[in-house]
S.K.: 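Please find one structure pasted underneath; my questions will follow.
Computation of the quantities below employed the complete heavy-atom set of this structure, encompassing side-chain atoms and omitting hydrogens, waters and symmetry-equivalent molecules. Numbers here are sequence positions counted from 1.
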Amino acid sequence: MKTKSVDCKEILVGVYGRYGAEGIVAGLQGANGVKARKLTAINRETLLSLDVLCLSALTAIPEPELILSYIKSGCGVIFTHNACGRYDIASPLPKLWKYSAMGKENMLRVCASHPITHNLPKTFSHSYSDHACLKVGLRGKTLVKDNAGNPVVIVGTIGKGRVMAMGNLPGLDQADLTAAPQEGELALLINALKWLAAGSSRKLAIKWPSRGITHKKMSTGDDGKSRLFPPFTLPQRLCVCDLSEASAETRFMLTTLQGVVNRTNPCVYLIYNSWPEGMKSDDLWLDYYAAKGIEINRGNSVPGLIRMFVNELKGFIVYDPKLPDSANIATTMAGIENAIVAHPEAIGLLKKCGLKPLHDLRGRWRDKYAAYRWALARLWPKCNHRILGSMAYPSDKLYGIEVRDYLTAARSFVFNFYPDSKDEDGHRARSLFNELTSLAEPQSTILGWITTFPGEGRYVGEISKHGHHVLCTTFCPNLSVHAGVPCRSPYRQSHIIRARRKLERKIYVSLRISDGDSPAIMLKWHSGHWLDKHRGLIPLGWEVQPLLTEMAPAVLGYYYETATPNDCLMCGVSGAGYCHPSMLPNLDLFCKRTGRLMKQCDLKTIQVGDQDLYDSTPLYNRRTLSKLFRASGADGIFVCGKGKIHVQGDRVVIPTPLTWTTCNKVKEYLERASLEDGRPKFLSFLLSCYTTKLKEVYDLSRSLPSNTYEFVRPDEMVSLVRQAVNKKWLPCS
């Protein structure tokens with residue numbers, strides 16, 4: 001069919017997606033009355049200018065609430081290929097269709113009479129190498145099938161609007177190259193635009209979903225089952241840029257670019273290898289993903305990477321080096337405006353690459369408090385209300401650079417003010433801190449970390465008191481890539497207890513490696529210990545963070561894939577996010593979310609640290625532990641602090657006298673232990689991942705007499721404690 005013969009009323013079409021979008025726009029340029037353009041973002045302003053939106057081969061749907069409101073108002077949307085629900089994402093509109101499988105044969109046949117199929121040939125071919133096979137829903141209608149009888153094109157209505165699922169991929173040929181659709185595939189597309197645009201009411205008011213509302217309204221109905229973190233799509237090809245020798249300013253700039261670009265389709269991967277020293281952890285994850293079939297394109301330069309994605313950036317924002325906190329505000333603005341953050345010295349480079357200046361923050365505010373007050377008033381309503389960034393500064397240096405890709409992609413509010421003094425600055429900081437934490441949704445996540453606030457316990461306590469939790473994500477690069485790589489197998493581990501052996505009168509020792517609750521530690525291969533040749537030679541517990549099911553699912557899955565029978569994965573302190581549970585005003589919500597994720601991750605034990613706000617002495621509260629037990633289904637809880645083992649029903653609580661300690665201190669403690677009453681003794685210790693060496697742990701296990709000491713996994717210790725209680729060898733408190 002020749003495009004010139006088509007006579008359409010003017011239809012404004014926007015095509016969004018990395019694959020096929022340019023080919024679709026090229027194919028529609030000759031259609032009478034059709035104006036098509038490629039989109040770089042989905043937002044209210046963009047949608048208001050369109051009659052039809054085409055989502056081309058996306059593996060996750062951006063701004064789904066906005067798009068649904070757009071459809072209901074009377075406009076039309078086409079979902080092509082992957083966007084129909086492939087790659088483990090739910091069908092966008094399950095009442096109309098669901099994704100079934102992929103078909104290889106490229107012949108299609110018309111199976112129903114409809115304005116979209118008017119004058120189409122009975123059979124025609126599509127240009128790409130495969131297509132999505134669909135299942136029709138109760139409110140959908142099948143128009144086109146493949147030769148095997150699988151539905152490929154399904155249409156339906158939602159509210160006043162019209163929708164089409166097109167399993168084929170116009171815009172690409174079989175070699176994955178851009179190609180304008182031809183013949184029957186082009187006719188199908190043009191007929192679809194005419195039908196989809198028939199109800200367009202773009203000049204009428206659209207009832208958009210509200211934004212910027214208070215946390216009390218946003219928390220309604222949150223039962224711990226909703227996602228905390230935004231979904232990212234599966235990377236198909238990663239453009240790699242090595243920044244291991246680059247300046248902090250260059251890293252900062254590229255990381256914000258990465259966040260903007262990767263928000264819709266992760267494809268930028270940056271090499272830092274910044275910690276641990278000598279371990280190329282970022283390269284190792286690249287190798288892991290390459291083995292999973294992701295294409296890796298190395299050797300990209302900084303200017304080359306900027307030019308590659310210049311069309312996806314609206315410009316750049318210059319921060320003020322004399323006011324370091326302006327870098328935080330610039331990061332927040334970059335996420336909202338799809339911009340890149342730059343040091344003044346980079347202005348010339350960015351202009352040469354084709355970017356224009358959007359904002360210059362130099363000299364704009366008299367101090368950090370005025371800057372953040374402005375940001376709360378102007379930027380917060382446009383930000384993500386569930387993910388915040390805590391970015392303090394040691395001296396005047398940039399800090400927490402690596403995680404800013406994720407903060408930019410998530411449109412997070414980035415801040416640096418804490419109630420850490422009683423002077424005027426402390427009062428202003430507390431006022432800002434209380435306002436921000438009350439505006440955020442309950443159980444929000446604070447990414448990043450601190451360097452100036454006095455004490456980790458005080459920091460975590462203040463966050464907990466306001467109903468939130470923290471995740472230490474310093475030295476935590478490429479989260480916007482890791483978040484998009486799914487784990488293809490369930491999270492399952494072996495809970496085998498050693499061969500039905502009899503409980504003996506011994507000192508049973510359980511050692512655990514700390515800080516797996518931190519995504520940074522998980523991304524660094526548990527500080528390199530997971531790759532140590534001594535791992536698996538002795539029983540060990542390893543903390544993991546179950547929230548990685550959303551933040552980095554394949555990273556978490558790697559630990560399950562490679563665990564040995566001596567490795568026991570356990571939930572890190574103190575559940576789904578680092579907090580002091582007893583201080584949470586919304587403890588039930590935290591427990592429900594922790595329980596759901598522990599069950600998903602097959603975790604039977606949990607490490608709990610529960611500290612008083614103004615006291616560094618580890619404490620724990622039995623009421624809190626009871627709620628965690630009921631919600632999590634855990635068999636055992638290891639608590640930070642001294643005390644006696646006690647049992648709640650058939651659930652075991654085991655204290656940890658030495659926490660975040662070293663092998664030498666553990667050895668001294670064990671050498672003082674004795675079986676005074678002839679009964680078994682159970683001792684658990686939490687080793688610091690920063691100072692521990694697995695060879696030392698291995699040597700320790702071999703240095704103690706085996707007839708008196710035995711090292712066991714944490715879950716095995718829980719089982720042995722139960723046996724001891726049943727035999728009345730251990731008092732039950």
S.K.: Distance only, no hydrogens: is a donor on one side chain within 3.5 Å (strictly under) of an acceptor on the other, for Glu561 and Tyr491?
M.R.: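 Tyr491 and Glu561 do not have a side-chain donor-acceptor pair below 3.5 Å.
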S.K.: Could you grab the distance from atom CE of Met551 to atom OG of Ser480, nearest 0.5 Å is fine?
M.R.: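 Rounded to the nearest 0.5 Å, the CE-OG separation comes to 11.0 Å.
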S.K.: How far apart are the C-alpha atoms of Val152 and Leu134, what are their side-chain angles, what is the distance that settles it, and do they pass the side-chain contact (heavy atoms from CB on, under 4.5 Å) test?
M.R.: CA-CA 6 Å; Val152 177; Leu134 311 175; 5.9 Å; no
S.K.: Judged by modelled atom types alone, do Ser412 and Asn384 share a side-chain donor-acceptor pair under 3.5 Å?
M.R.: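 There is no such pair (donor and acceptor under 3.5 Å, judged by atom type) between the side chains of Ser412 and Asn384.
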S.K.: When rounded to the nearest 0.5 angstrom, what distance separates CG in Leu177 from OH in Tyr128?
M.R.: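 The OH atom of Tyr128 is 10.0 Å from CG of Leu177, to the nearest 0.5 Å.
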S.K.: Let me know which of Leu169, Leu172, Val25, Leu39 forms a side chain to side chain contact (heavy atoms under 4.5 Å, CB included) with Ser56.
M.R.: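 Between Ser56 and the candidates, side chain to side chain contact (heavy atoms under 4.5 Å, CB included) is satisfied uniquely by Leu169.
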S.K.: Can you see which heavy atom on Ile116 is nearest to which on Met164, and at what distance?
M.R.: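 Minimum heavy-atom separation between Ile116 and Met164: CD1-SD, 3.8 Å.
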S.K.: Will you find, in the side chains of Arg386 and Ser444, an N or O donor that is under 3.5 Å from an N or O acceptor?
M.R.: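 Side-chain D/A pair, Arg386 to Ser444: absent.
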S.K.: Is a side-chain donor-acceptor pair under 3.5 Å present for Asn478 with Glu402?
M.R.: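 No, no side-chain donor-acceptor contact under 3.5 Å.
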S.K.: Please check if any side-chain donor atom of His131 sits under 3.5 Å from a side-chain acceptor atom of Glu105, or the reverse.
M.R.: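 No, because no side-chain N or O of His131 sits under 3.5 Å from a partner of the opposite role on Glu105.
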S.K.: For residues Met522 and Leu556, report the shortest heavy-atom separation together with the two atoms involved.
M.R.: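 Closest approach of Met522 to Leu556, heavy atoms only: CE-CD1, 4.0 Å.
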S.K.: Hey, is the main chain of Val414 close enough, under 3.5 Å, to the side chain of Thr332 for a donor-acceptor pair?
M.R.: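 The answer is yes, because a donor-acceptor pair under 3.5 Å joins these two groups.
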S.K.: Examine the side chains of Asp405 and Thr255 and answer whether a donor and an acceptor come within less than 3.5 Å of each other.
M.R.: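 Thr255 and Asp405 do not have a side-chain donor-acceptor pair below 3.5 Å.
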S.K.: Taking atom CZ of Arg378 as the centre, report whether more than 12 heavy atoms of other residues, nucleotides or ligands fall under 6.0 Å from it.
M.R.: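 No, CZ of Arg378 has 12 or fewer neighbouring heavy atoms, counting only those of other groups under 6.0 Å.
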S.K.: Using atom types as modelled and distance alone, determine if a side-chain donor or acceptor of Thr408 lies under 3.5 Å from a backbone N or O of Arg404.
M.R.: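 The answer is yes, because a donor-acceptor pair under 3.5 Å joins these two groups.
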S.K.: For atom CG of Leu138, is the number of surrounding heavy atoms from other residues, nucleotides or ligands below 6.0 Å larger than 12?
M.R.: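 No - once you tally the heavy atoms of other residues, nucleotides and ligands closer than 6.0 Å, there are 12 at most.
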S.K.: More than 12 non-hydrogen atoms from neighbouring residues, nucleotides or ligands closer than 6.0 Å to NZ on Lys38, yes or no?
M.R.: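 Count over threshold, so yes.
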S.K.: Check the side chains of Arg37 and Ser49 for a donor-acceptor pair under 3.5 angstrom, ignoring hydrogens and angles.
M.R.: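 Judged by distance alone, the side chains do pair up.
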S.K.: Distance check, rounded to the nearest 0.5 Å: Leu108 atom CG versus Ser125 atom OG?
M.R.: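 Rounded to the nearest 0.5 Å, the CG-OG separation comes out at 8.0 Å.
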S.K.: Quick check on side chain to side chain contact (heavy atoms under 4.5 Å, CB included): which of Asp282, Ile271, Leu270, Val403 does Pro477 satisfy it with?
M.R.: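 Single side chain to side chain contact (heavy atoms under 4.5 Å, CB included) partner of Pro477 among Asp282, Ile271, Leu270, Val403: Asp282.
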S.K.: Is a side-chain donor or acceptor of Tyr70 paired with a backbone partner of Asp51 at a separation under 3.5 angstrom?
M.R.: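 Side chain of Tyr70 to backbone of Asp51, a donor-acceptor pair under 3.5 Å: yes, one is there.
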S.K.: As an exercise, state the distance from CG of Asn168 to CG of Asn106, rounded to the nearest 0.5 Å.
M.R.: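 Asn168 CG to Asn106 CG: 10.0 Å, rounded to 0.5 Å.
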S.K.: Looking at Tyr289 versus Tyr558, is the centre-to-centre ring distance below 6.0 Å?
M.R.: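 Ring centres of Tyr558 and Tyr289 not closer than 6.0 Å.
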S.K.: Is there a donor-acceptor contact under 3.5 Å linking the side chains of Asp130 and His81?
M.R.: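 Per modelled atom types, Asp130 and His81 side chains form a pair under 3.5 Å.
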S.K.: Between Arg488 and Lys292, is the side-chain contact (heavy atoms from CB on, under 4.5 Å) condition met? List the steps.
M.R.: CA-CA 10 Å; Arg488 296 299 188 187; Lys292 288 184 172 292; 5.6 Å; no
S.K.: Nearest heavy-atom pair of Asn300 and Val240: which atoms, and what distance?
M.R.: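 Where Asn300 meets Val240 most closely, the heavy atoms are ND2-O, 3.0 Å.
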S.K.: Mind listing the closest non-hydrogen atom pair of Leu58 and Gly17 along with its distance?
M.R.: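 For Leu58 versus Gly17, the nearest heavy atoms are CD2-CA, 3.7 Å.
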S.K.: Where is the tightest heavy-atom contact between Leu196 and Val163, given as atom of each residue plus distance?
M.R.: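 Scanning both residues, the minimum pair turns out to be CD2-N, 3.7 Å.
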S.K.: Can you give me the closest heavy-atom contact between Pro121 and Val110, atom names plus distance?
M.R.: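 Between these two residues, the closest heavy atoms are O-CG2, 3.5 Å.
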S.K.: Any donor and acceptor pair, going by atom type alone, linking the side chain of Glu183 with main-chain N or O of Phe124 inside 3.5 Å?
M.R.: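 Side chain of Glu183 to backbone of Phe124, a donor-acceptor pair under 3.5 Å: no, none is there.
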S.K.: If you count every heavy atom of other residues, nucleotides or ligands that lies below 6.0 Å from Glu312 atom CD, does the total exceed 12?
M.R.: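 Counting neighbours around CD of Glu312, more than 12 heavy atoms of other residues, nucleotides or ligands fall under 6.0 Å, so yes.
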S.K.: Could you tell me whether the side chain of Leu238 reaches within less than 4.5 Å of the side chain of Ile294, counting heavy atoms only?
M.R.: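 Result yes, sub-4.5 Å side-chain heavy-atom pair found.
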S.K.: When you measure from the side chain of Gln182 to the backbone N and O of Ala180, does any donor-acceptor pair fall under 3.5 Å?
M.R.: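 Yes, because the side chain of Gln182 sits within donor-acceptor range (under 3.5 Å) of the backbone of Ala180.
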S.K.: OG1 of Thr256 to CG of Asn338: how many Å apart, nearest 0.5 Å?
M.R.: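 With rounding to 0.5 Å, OG1 (Thr256) is 11.5 Å from CG (Asn338).
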S.K.: If the plane angle is over 60° it's perpendicular, under 30° parallel, otherwise tilted; pick one for Trp380 and His385.
M.R.: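 If you compare the ring of Trp380 with that of His385, the planes turn out parallel.
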